[in-house]
Amino acid sequence: QAQWITAPSEHEVHSGRSLVTHNHEVILDWATNRNATPATIRGTQHDDRLGVLRFDFPDWGSNTSLEHVTWEQWFDAFDERKLVMVYQEHLRNGHPSNFFHFNSPYREHM
């Protein structure tokens, strides 16, 4: 079971632990510590709404399918979709982890 994180001052109980949050400050802090930029996958937008949300990690090479967006746009879409971010701070070996995915806890109720 994932550990809920509600503030940037909270951290994993142990390396490799799955964490979950919907707190903007926690997400921004995690992304900033990894030099990640908010992005969406090009071609997945609907009308004026952002498509699939992602992060662009500059040290992971160029990803031409990603389009950078502002944090405001990104968080607006994140909140509108009632998403949570499941992520890791560190791998089991203690190295920083870039693992993340987004989930909607309400999906099965819609």
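You'll find the side chain of Val26 reaches within 4.5 Å of the side chain of Tyr87, heavy atoms only.
Within 6.0 Å of CD in Glu25 there are 12 or fewer heavy atoms belonging to other residues, nucleotides or ligands.
Between Phe102 and Trp74, the ring-plane angle classifies as perpendicular under the 30° and 60° cut-offs. Between Phe78 and Phe75, the ring planes lie perpendicular to each other; the angle is over 60°, past the 30° to 60° tilted range.
The distance from the CG atom of Leu83 to the NE2 atom of His101 is 10.5 Å, given to the nearest 0.5 Å. In this structure, CD on Gln88 lies 10.0 Å from CG on Asn98, to the nearest 0.5 angstrom. Considering CZ of Arg54 and OG1 of Thr37, their distance stands at 15.0 Å, rounded to 0.5 Å.
For His11 against Glu89, the heavy-atom pair with the smallest separation is ND1-OE2, 2.9 Å. The nearest pair of heavy atoms linking Ser97 to Trp30 is O-CZ2, 3.8 Å. Looking at every heavy atom in both residues, Trp71 comes nearest to Ala36 through CZ2-O, 4.2 Å. Contact detail for Thr44 and Gly51: the closest heavy-atom pair is OG1-CA, 3.1 Å. Between Leu66 and Phe55, the closest heavy-atom pair is CD1-O, 3.8 Å. The two atoms that bring Gln45 and Ile41 nearest to each other are OE1-O, 4.4 Å, heavy atoms only.
Contacts classified as side chain to side chain donor-acceptor pair (under 3.5 Å) and involving residues 12-23 (residues at least two apart or in different chains) are given here: Glu12-His90.
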_Please determine whether side chain to side chain contact (heavy atoms under 4.5 Å, CB included) holds for the pair Arg81 and Leu50, giving the CA-CA distance in whole Å, both sets of side-chain angles, and the decisive distance to 0.1 Å._
CA-CA 11 Å; Arg81 297 171 193 170; Leu50 293 185; 4.1 Å; yes
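Distance alone, capped at 3.5 Å, places no donor-acceptor pair between the Thr40 side chain and the Leu53 backbone. Not a single donor-acceptor pair under 3.5 Å links the side chain of Gln3 to the backbone N or O of Leu19.
With Thr70 as reference, Gln73 is the one residue of His68, Glu72, Gln73 to meet the side-chain hydrogen bond (donor to acceptor under 3.5 Å, both in side chains) rule.
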